[in-house]
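When a residue number appears, it is its place in the shown sequence, counting from 1. Only this structure's heavy atoms are used, side chains among them; waters, hydrogens and symmetry mates stay out.
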Amino acid sequence: MTDIDITLLEELADSWDEIREDYQDSRNDEYDKAVGDCATRLAADAGGGSAFVWTLGLVVMAPYLTWLPGEGVVPHAMAALKAADTALRERPCAHESHPYASHDSGDDLYLTEQLTQLADDTAEWNEDRPRDEWRCPHNVAGFARIAMDIVEPGSVTDVPPRLPMEARSTMETLTALLHGYPKPWTDIDEEISSQAWNLSSADPEDRPGHLLIVRAVTWYAVSGMVRTKSVLDDLVDAVERTLPHFADAACGHEWHANLPDSGPDAAELGVMLSSPGGRGVYELSHRDGRVPPLEKVVCPVFMTEVAEDSLSVLRKRREELFGHRDTSHADAEYLRADGRLEIEKILERLDYKGWNEQYADDLGLWAARRYEQADERERTVLLLAAHRTMKISYPSPPRSVVRGVLATMRAVAAAPRPPKCGHEDGHPTPEYAELRSGLPHFYAPEEFPPAGEQRSAEAWTCPRFAGAVAEECIRDLDKYEDEYEDEDDS
């Protein structure tokens with residue numbers, strides 16, 4: 001039992017827990033004062049009977065010291081912790097083991113509650129380990145080293161491995177981003193590019209983990225969610241620089257690990273393996289039989305395959321998103337042997353369904369490129385196909401598609417239009433229901449009998465209708481072109 005007032009200790013413990021929960025606070029004077037006071041008390045009696053109180057207090061507040069504390073706060077705390085470790089770790093002890101040896105980051109949540117119970121022998125104690133083991137000098141010294149390891153990862157030995165706080169922050173940021181809900185302050189382009197830079201500069205032991213992070217963010221980057229070409233350039237460059245490090249690799253493994261196939265899980269694994277502490281945590285999971293052996297994950301031969309696969313995807317999609325997009329393959333899909341349109345297949349792809357997102361960009365650009373050489377009826381189909389697919393495209397049409405479709409739409413919008421329509425019936429609506437029921441008969445009346453009342457061919461081919469469709473598409477796409485122009489200027 002200590003001579004500390006329990007009520008005061010409970011108040012201190014509450015304030016320390018608040019700092020633990022809100023540790024991502026920069027230069028908070030109150031937090032600095034709390035850490036400094038705790039460190040001063042520990043330094044004043046580093047080998048005394050109350051050292052466990054101030055040591056555990058610094059363990060609880062250590063995450064704040066990894067963020068942006070005030071000047072001098074970290075050296076003061078580290079000096080006190082080192083003093084406690086030096087004063088206590090060589091004391092005689094009859095215990096076979098101590099709580100610190102199995103303490104992990106998840107256990108930090110309960111330290112303040114345990115602390116007040118440790119300080120009061122009359123309080124209820126329901127922990128697995130007895131109080132005397134917790135208050136043992138060897139255990140207190142162990143927790144002092146844990147606190148030092150949190151503040152400066154890898155600075156001490158003989159402590160359970162844990163993921164560095166910076167890695168935990170990266171993991172949280174990437175998980176949110178790859179789930180599609182980035183944190184409000186996340187600059188997506190910068191975050192993804194930073195993972196490429198981290199891979200390029202990684203130490204050999206950390207390189208496989210950083211490659212796995214790049215593998216995870218690659219899926220997001222090539223999905224169309226990223227509209228900045230330099231981000232993909234950074235990823236390509238990083239993987240190209242990484243491959244030579246695995247050159248001439250050989251292994252005797254009969255199998256390699258199955259990597260996660262979801263972005264968040266893949267990023268989490270990469271972050272875990274990109275630091276010594278994280279790899280230590282992974283090894284503990286392996287001992288429990290929850291994950292494959294580390295060597296089956298980071299094997300250079302396997303990492304070569306991962307790098308080559310990622311690089312292939314990045315290069316292909318970079319060209320599709322920002323370079324010249326080849327749509328010649330679409331001829332085989334959307335043209336019949338006689339050169340006329342496969343109108344039914346095109347219409348199937350214009351339905352606003354999730355499975356049509358994969359076809360939208362190529363079909364829209366193909367239609368826009370073919371428009372100029374087409375006859376009057378085919379032009380109407382192609383114009384409506386380009387217009388419709390730009391609405392289906394997800395998450396948004398890439399630069400090459402936007403610019404190709406806009407070029408055609410602007411030409412159509414600029415074409416002369418009569419002051420009045422030359423037909424008595426109204427224009428079609430470019431919605432799927434009317435396209436499905438009316439466009440086949442309009443395009444090929446000899447093949448598709450009318451399905452109910454039909455609009456006239458003049459209504460479908462009316463220049464005023466074409467101009468209105470083109471103008472609507474231009475309005476939809478202009479915002480994307482502005483974004484791409486900003487990228488060109490940067």
So, the side chain of Y64 versus the backbone of V35: is there a donor-acceptor pair under 3.5 Å, distance only?
no
Working note: Y31 + V73, criterion side-chain contact (heavy atoms from CB on, under 4.5 Å); need CA distance, chi angles, decisive distance, verdict.
CA-CA 10 Å; Y31 290 5; V73 177; over 6 Å; no
Test item: L477 and P397 side chains (from C-beta on) under 4.5 Å apart, heavy atoms:
yes
Regarding D45 and R41, does a basic nitrogen lie under 4.0 Å from an acidic carboxylate oxygen?
no
Quick one: pull up CE in M272 and OG in S285 and give me the separation to the nearest 0.5 Å.
6.5 Å
Of all heavy-atom pairs between L350 and N356, which one has the smallest distance, and what is that distance?
N-ND2, 4.3 Å
H76 and T40: side chain donor to acceptor below 3.5 Å:
yes
Worked verdict on L174 versus Q195 for side-chain contact (heavy atoms from CB on, under 4.5 Å)
CA-CA 10 Å; L174 291 178; Q195 301 310 323; 4.3 Å; yes
Using a 3.5 Å cut-off and no angle test, enumerate the donor-acceptor pairs between side-chain atoms of residues 98-107 and protein atoms at least two apart in sequence or in another chain.
residue, atom, partner, partner atom, Å
Y100, OH, R145, NH2, 3.3
Y100, OH, D158, OD2, 2.9
S102, OG, P99, O, 3.4
H103, NE2, D108, OD1, 2.7
D104, OD1, G106, N, 3.0
D104, OD1, D107, N, 3.2
D107, OD2, D104, N, 3.0

Side-chain (R129) to main-chain (S97) donor-acceptor, under 3.5 angstrom:
yes
So that I can tick it off, tell me whether R410 and D478 are bridged by a salt bridge, with the cut-off set at under 4.0 angstrom between side-chain N and carboxylate O.
yes
What I'd like to find out is whether the side chain of W67 reaches to under 4.5 Å of the side chain of D22, using heavy atoms alone.
no
When you look at NZ of K353, are more than 12 heavy atoms from neighbouring residues, nucleotides or ligands closer to it than 6.0 Å?
no
Just checking W255: does its CH2 atom have more than 12 heavy atoms from other residues, nucleotides or ligands closer to it than 6.0 angstrom?
yes
Taking the side chain as every heavy atom from C-beta outward, state whether I392 and Y359 have any pair of such atoms under 4.5 Å apart.
no
Mind checking whether F143 and W134 have ring centres under 6.0 Å apart?
yes
Regarding D132 and H95, is there a side-chain donor-to-acceptor distance under 3.5 Å anywhere?
yes
Taking all heavy atoms of V159 and all of V156, pick out the closest pair and write down the distance.
CG2-CG2, 4.1 Å
I'd like to know if the side chain of S193 and the backbone of E190 have a donor-acceptor N/O pair within less than 3.5 Å.
no
Using 0.5 Å steps for rounding, measure from the OG1 atom of T218 to the CD1 atom of I213.
11.5 Å
Backbone N/O of G70 and side chain of D32: donor-acceptor pair under 3.5 Å
yes
What is the distance from atom CZ of R27 to atom CD of E71, rounded to the nearest 0.5 Å?
7.5 Å
Please examine the side chains of M409 and M390, heavy atoms only from C-beta on, and report whether any two atoms are closer than 4.5 Å.
no
Atom pair CG/CD of L177 and E172 - distance to nearest 0.5 Å:
13.5 Å
Please determine whether side-chain contact (heavy atoms from CB on, under 4.5 Å) holds for the pair V405 and T389, giving the CA-CA distance in whole Å, both sets of side-chain angles, and the decisive distance to 0.1 Å.
CA-CA 10 Å; V405 173; T389 51; over 6 Å; no
So do L211 and M303 actually touch side chain to side chain, heavy atoms under 4.5 Å?
yes
If you define the side chain from C-beta out and look only at heavy atoms, does anything of P208 sit under 4.5 Å from L273?
no
Side-chain (S200) to main-chain (A196) donor-acceptor, under 3.5 angstrom
yes
Taking everything shown except D187 itself, do over 12 heavy atoms lie less than 6.0 Å from its CG?
yes
N/O donor-acceptor pair under 3.5 Å between H387 side chain and A470 backbone:
no
Hey, is the main chain of V53 close enough, under 3.5 Å, to the side chain of S50 for a donor-acceptor pair?
no
Could you note down all residue pairs passing salt bridge (charged side-chain N to carboxylate O under 4.0 Å, His left out) where residues 316-327 supplies at least one of them, sequence neighbours left out?
D233-R318, K316-E320, R317-E320, R325-D362
Hey, does the side chain of T408 reach the backbone of A368 with a donor-acceptor pair shorter than 3.5 angstrom?
yes
All heavy atoms of P63 vs all of I150, minimum pair found to be N-CG2, 4.0 Å
Nearest heavy-atom contact between K391 and Y352 is O-OH, 2.9 Å
Counting only N and O atoms by type, is there a donor-acceptor contact under 3.5 Å from the side chain of N198 to the main-chain atoms of S194?
yes
Atom pair CZ/OG1 of R207 and T242 - distance to nearest 0.5 Å
6.5 Å
What verdict does the salt bridge (Lys or Arg N to Asp or Glu O under 4.0 Å) test give for R241 and D237, after you've listed the backbone C-alpha separation in whole Å, the side-chain angles of each residue and the deciding distance to 0.1 Å?
CA-CA 6 Å; R241 290 172 179 268; D237 180 68; 2.8 Å; yes
Listing request: all salt bridge (charged side-chain N to carboxylate O under 4.0 Å, His left out) pairs with a residue in residues 274-296, at least two apart in sequence or in separate chains.
D206-R279, D288-R290
Closest non-hydrogen atom pair between L365 and S400, with its separation:
CD1-O, 4.1 Å
For V401 and S393, run side-chain contact (heavy atoms from CB on, under 4.5 Å): C-alpha distance rounded to whole Å, both residues' side-chain angles, the deciding distance at 0.1 Å, then the answer.
CA-CA 10 Å; V401 174; S393 177; over 6 Å; no
Is R162 salt-bridged to D149, cutoff N-O under 4.0 Å?
no
Does atom CD (E127) have a neighbourhood of more than 12 heavy atoms from anything else shown, all under 6.0 Å?
yes
Using 0.5 Å steps for rounding, measure from the OG atom of S230 to the CZ atom of F322.
8.5 Å
Side chains of V297 and L259, heavy atoms from C-beta outward: is any pair under 4.5 Å?
yes
May I ask you to say whether R20 pairs ionically with D17, meaning some side-chain N is under 4.0 Å from a carboxylate O?
yes
Verify, without hydrogens or angle tests, whether S223 (side chain) and Y220 (backbone) share a donor-acceptor contact under 3.5 angstrom.
yes
To check you understand the geometry: which heavy-atom pair defines the closest contact between C299 and C251, and what is its length?
SG-CB, 3.5 Å
Could you check if a side-chain atom of T228 sits within less than 4.5 angstrom of a side-chain atom of I188, using non-hydrogen atoms only?
no
